[in-house]
Amino acid sequence: MRLWSAGQAQGLSKPIMGKLATRPVAREARNDVIAYLTRASADAFAGDFEGYSAALVSEGVTERPDLPTVTDTHHLEYLGADDVVHLLPNGTVQVLYRRSSEHNTILATERCNSFCLMCSQPPRDIDDSHRVNDILRLLELVSPEAREIGISGGEPTLLGQGLLDIIQKAERRLPNTALHVLTNGRLLRDRQLAQGLGAIAHHDLMLGIPLYSDIDWRHDHVVQAEGAYDETIAGFYELARAGVRIELRVVLHRQTVERLNQLATFIARNLPFVEHVALMGLEMFGFTPLNLDSVWIDPAEYATELEKATRTLALSGMRVWIYNHQLCTIPRSLWPFAVKSISDWKNVYLPECDGCAVRERCGGFFQSATKQHSAHIRRIQ
Amino acid sequence: MRRMRPTLRTGLRSVTRMVPDQHLTVDTRVHDLETIRRACYSMSDRCAFHLDQIDEGHVRVSCQPVGSDTLPDGFVKTFENTLIDFGIRATLARETAVIRDLIYRQAFVEADL
Amino acid sequence: MRPVFHGPEEYQRRLPYRFLPFRFIDLEDQKLLVNLVGEHALLSNDSFRSLVRRELDATSGVYEDLKARHFLADTDSDTPVRLLATKLRTKYSFLAGFTSLHIFVVSLRCDHSCQYCQVSRVTAEKSKYDMTIDSANRGIDCVFRSPSLRVKVEFQGGEPLLNFDLIKHIVESVSHRNNVLPEHRRKVVDFVIATNLAMVTDEILAFCKEYSIYISTSLDGPASLHNANRPRPGGDAHELTLRGIERVREALGHHAVAAVMTTTRLSLEQPEAIVDQYVALGFSHIFLRPISPYGFALRTHKRTGYERSSFLDFYKRALRHIIELNQGGNHLVETYSQILLTKILTPHATGYVDLQSPAGAGISAVVYNYDGDVYASDEGRMLAEMGDKSFRLGSLASNSYEEIFGGPLIRRLVESSINESMPGCADCAFQPYCGADPIENHATQGDIVGHRPTSDFCSRNMGIIKHLLSLYHGQDPYPRVLFHAWAQGASIDSLVPRETA
């Protein structure tokens with residue numbers, strides 16, 4: 001499943017964002033809507049396309065509405081009503097929001113102030129400040145029933161006030177939607193920014209912030225930025241002061257598992273206010289393949305450290321979750337902490353998984369794991 | 001009355017000497033007066049102590065056992081180890097005085113009491 | 001262009017290390033280090049020597065552990081100070097609540113004559129030993145002057161149920177007054193009646209149910225022990241207590257009644273039997289506390305007194321038995337250990353006023369006596385009954401709140417009980433875990449600062465803390481897990497769920 005496609009653009013002089021309709025919509029509501037013509041839906045419009053902002057026409061449909069249009073698109077069969085797309089003048093279709101998905105994530109910026117060894121979204125130093133307005137527009141189009149939206153990057157806090165504007169708008173337009181923002185927390189050491197975030201009093205906001213070691217230089221090494229540890233810790237404290245909820249994330253790899261239990265102790269004593277701790281498996285794309293030697297470790301090899309750290313956190317009264325680990329690679333005693341977390345559009349299984357008794361409970365693998373995965377995958381009886 | 005020259009784990013020579021009448025002589029260049037006082041205080045459930053300055057570099061520590069005629073077994077060794085421990089404590093206290101003050105100030109400045 | 005990544009050396013900006021504040025003590029054959037906020041580390045003697053000589057290897061695990069736990073620092077960063085300051089503030093957060101425990105001695109009258117009781121044995125006829133409504137109302141005023149958002153109002157005596165009408169008045173007044181406060185200033189109020197339950201009636205229980213009042217009763221152990229400690233015409237104190245407990249549970253629920261024990265010389269010989277009695281009665285907690293050396297205790301010292309080491313032996317035996325029971329599936333918690341373990345294993349403060357620096361007397365807990373006099377603690381009141389009014393803070397009738405709670409006596413008590421700077425305590429590794437008891441010092445040693453090497457309070461607590469730490473770091477892994485669960489106030493299974501087949 002891909003979140004973009006390319007087709008033929010006609011009459012599209014500037015980007016148009018809108019939510020898809022597969023059936024006619026009342027005239028007053030049409031200017032936010034893009035008519036979506038597939039073999040199944042084209043006839044439903046009965047030729048009446050007036051007032052829609054644009055049309056998206058699948059391959060195989062011959063009808064050509066008198067609207068800015070992108071035609072002959074492939075790979076977008078999964079799209080449906082109320083999904084939000086961005087049509088670009090060069091014919092690119094970006095899928096920004098899928099109503100049927102539980103895992104919609106908005107890319108706030110591709111810029112970042114860190115450079116993690118295992119970054120899954122390698123940063124680009126470009127001016128993409130236009131994204132703020134795009135996102136503000138997107139928030140007008142997302143269904144209010146959306147349960148949760150993620151905001152990621154790059155580093156979203158680089159947007160500064162722009163990020164606050166986005167969260168403020170989300171609170172107004174989507175009062176029933178939870179927000180999960182992934183950030184390295186470094187710029188949130190600025191009290192004004194943290195307080196500004198807290199002042200929005202978003203009804204269900206959680207910040208996911210990584211901390212990779214209890215030792216400063218070890219964390220700095222993983223994120224490839226000197227001073228990052230100090231800044232992130234300061235960020236944690238300012239956010240706690242501002243009453244913002246925090247999820248502490250640790251990606252488990254060769255550079256982080258050695259002192260994992262000590263990190264757990266550190267979190268319990270110094271950051272007891274975090275809502276929960278997420279111990280995450282390594283994703284095999286982005287920068288990870290470039291740093292395989294320094295980061296790759298078979299999860300089965302760190303089972304002991306993972307067990308100790310999980311127990312340390314749990315016995316300190318902290319909530320712990322283990323993400324993105326196949327159940328056969330972690331000790332059985334840790335299964336109560338494992339979450340089936342790989343996004344529905346990302347997960348696959350291997351032949352070794354056939355007949356596994358806990359296949360449904362297990363999250364399987366990321367697509368990218370077919371390149372590199374544990375040598376200990378086996379079905380559980 | 002016996003003279004004893006116990007060897008010390010620190011490798012320092014003859015820091016204390018036990019002489020008649022249950023006295024110890026302590027070299028104040030090795031263990032300063034504050035350290036001696038604290039060591040004596042910590043053992044004052046077992047002995048009553050009296051301190052006299054003999055000369056510039058030495059203090060006599062007189063020990064009278066409490067509740068018995070003789071000092072407890074291994075008393076000198078215990079006293080020497082206690083002196084060493086309190087010497088370390090004094091070093092630590094001296095070296096961390098400033099930062100300790102800083103930590104307390106910062107703790108209470110932001111306390112919203 | 002391929003991105004460039006740097007190795008760890010690029011980020012290792014270490015300076016020669018310097019110490020952050022910590023203290024140390026010998027624990028078995030190792031050195032126990034404790035920092036400013038109670039985090040501890042166990043080092044071999046060799047490592048300790050290297051550490052203090054500044055020769056500890058910066059690449060070693062020991063070094064990194066000490067750095068992460070804020071025993072040493074090797075950069076210019078202000079993160080260690082920021083973290084330590086925050087943790088220290090957390091440990092002292094109880095101060096902001098000021099007085100959270102308000103004890104009302106509603107009557108001095110009592111129908112029992114317990115051996116060690118510190119109040120006079122005044123028979124049921126003399127109603128001049130009851131607190132007046134006027135005193136009660138002034139005491140309630142003080143409750144509401146407290147900034148704490150959670151307060152406990154405890155009724156004691158004598159036997160408080162002998163003046164149940166006044167208890168009703170106080171509970172109703174406090175509740176009503178609390179309910180008319182604006183929401184953000186409304187307090188959570190816990191009511192407790194400390195009673196021997198001999199006088200409990202259905203009417204009393206109905207009232208307790210209406211106002212969610214907890215019952216605290218004394219249970220010293222099995223019948224032979226309990227009755228020997230608490231002579232009563234009829235010799236049936238134990239039976240009455242058990243009946244009372246059952247009655248309270250039926251009316252108010254199983255956990256509405258908690259038991260407290262007092263350790264006497266007779267108790268010392270039978271720790272396991274006492275624990276078993278608590279288990280048999282389905283209690284979730286047992287509180288192993290030593291007898292207070294005041295009042296009747298001093299008068300009857302020969303019968304009830306005991307040496308410090310005997311109490312420690314008793315405690316260790318009882319704790320061993322409790323740990324075994326827990327391992328077998330019974331969830332009995334020992335409260336005194338739990339309080340200490342919270343201080344040792346968590347960053348949180350505790351609200352236990354008897355193990356606090358500065359001492360809780362007067363500032364965290366206060367006693368309004370039946371005659372309107374205000375005392376810094378229950379022990380202070382008991383001393384007054386023996387003729388020593390040193391700890392009388394004032395009078396509800398004739399002194400203002402400021403005079404009582406901000407007067408010279410309270411200030412002297414506070415200044416003399418901050419164990420960071422008390423002789424003996426200032427150097428003690430256990431200072432962050434321990435407290436001070438100026439009133440016990442006064443009663444047993446003649447001054448409120450006290451003499452540490454001969455202090456029972458000190459040797460008792462040092463013994464218990466050492467024992468807990470030895471168990472925690474011992475060969476058997478179970479106590480470690482259990483102690484964490486106790487420190488969290490939870491069961492092991494709720495914290496670490498087991499994978500069912």
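Order of the sequence lines sets the chain letters (A, B, ...), proteins ahead of strands, with each chain counted from 1.
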Self-check item: Within 6.0 angstrom of A/Arg245 CZ, more than 12 heavy atoms from elsewhere
Solution: yes
Quiz item: For A/Lys308, does the NZ atom have more than 12 heavy-atom neighbours from other residues, nucleotides or ligands under 6.0 Å away?
Solution: no
Practice problem: Check the surroundings of atom CZ in C/Arg320: do more than 12 heavy atoms from other residues, nucleotides or ligands lie under 6.0 Å from it? | Solution: no
Quiz item: Which answer fits A/Ala228, side chain, backbone, both or neither, if we ask what part of it has an atom under 4.5 Å from a heavy atom of chain C?
Solution: neither
Self-check item: Residues C/Asp65 and A/Arg259 bridged, charged N to O under 4.0 Å
Solution: yes
Quiz item: For A/Cys116, is it the side chain, the backbone, both, or neither that has a heavy atom closer than 4.5 Å to a heavy atom of chain C?
Solution: backbone
Self-check item: Contact origin within A/Gln262 toward chain C - heavy atom pairs under 4.5 Å
Solution: side chain
Quiz prompt | Gap separating the CG atom of A/Leu315 from the CZ atom of C/Phe483, nearest 0.5 angstrom | solution = 13.0 Å
Practice problem: Look at atom CD of A/Glu258 and say whether more than 12 heavy atoms of other residues, nucleotides or ligands are closer to it than 6.0 Å. | Solution: no
Practice problem: Please round to the nearest 0.5 Å and tell me the distance separating atom CD of C/Gln488 and atom CE of A/Met318. | Solution: 9.5 Å
Quiz item: Which pair of non-hydrogen atoms, one from A/Pro272 and one from C/Pro347, has the smallest distance, and what is that distance?
Solution: CG-CG, 4.0 Å
Exercise. Kindly determine whether A/Arg311 and C/Val481 satisfy side chain to side chain contact (heavy atoms under 4.5 Å, CB included), including the steps that lead there.
Key: CA-CA 9 Å; A/Arg311 281 174 76 82; C/Val481 176; 3.7 Å; yes
Quiz item: Do C/Glu10 and A/His221 touch side chain to side chain, with heavy atoms closer than 4.5 Å?
Solution: no
Quiz prompt | Which atoms of A/Ile215 approach chain C - backbone, side chain, both or neither, heavy atom under 4.5 Å | solution = side chain
Quiz item: Taking A/Gln224 for the side chain and C/His6 for the main chain, is one N or O donor matched with an acceptor at less than 3.5 Å?
Solution: yes
Quiz item: More than 12 foreign heavy atoms under 6.0 Å from CD of C/Glu55: is that the case here?
Solution: yes
Exercise. Working to the nearest 0.5 Å, report the span between CH2 of A/Trp217 and CD of C/Glu64.
Key: 5.5 Å
Quiz item: Hey, would you say the A/Phe115 and C/Phe5 ring centroids sit under 6.0 Å apart?
Solution: yes
Exercise. Identify, with sequence neighbours excluded, every residue that meets salt bridge (Lys or Arg N to Asp or Glu O under 4.0 Å) alongside C/Arg14.
Key: none
Quiz item: Which bit of A/Arg319 comes within less than 4.5 Å of chain C, counting heavy atoms only: side chain, backbone, both or neither?
Solution: neither
Quiz prompt | Sub-4.5 Å side-chain heavy-atom contact between C/Pro3 and A/Leu290 | solution = yes
Quiz item: Do any of residues 68-88 of chain C have a heavy atom less than 4.5 Å from a heavy atom of chain A, and if so, which, in residue order?
Solution: C/Ala68, C/His70, C/Thr75, C/Ser77, C/Thr79, C/Arg82, C/Leu83, C/Thr86, C/Lys87
Self-check item: Region of A/Pro336 in contact with chain C, defined by heavy-atom distances below 4.5 Å
Solution: both
Quiz item: Would A/Asp220 and C/Arg13 satisfy salt bridge (Lys or Arg N to Asp or Glu O under 4.0 Å), going step by step from the backbone distance to the final call?
Solution: CA-CA 11 Å; A/Asp220 289 358; C/Arg13 49 190 199 278; 2.8 Å; yes
Quiz item: Looking at A/Thr310, A/Asp216, A/Leu271, which has the largest count of heavy-atom pairs under 4.5 Å with chain C?
Solution: A/Asp216
Quiz item: Under a 4.5 Å heavy-atom cut-off, does chain C meet the side chain of A/Ala234, its backbone, both or neither?
Solution: both
Quiz item: Contact part of A/Leu117 toward chain C, heavy-atom cut-off under 4.5 Å: side chain, backbone, both or neither?
Solution: both
Practice problem: Taking C/Glu499 for its side chain and A/Ser333 for its backbone only, find out whether a donor-acceptor pair lies under 3.5 Å. | Solution: no
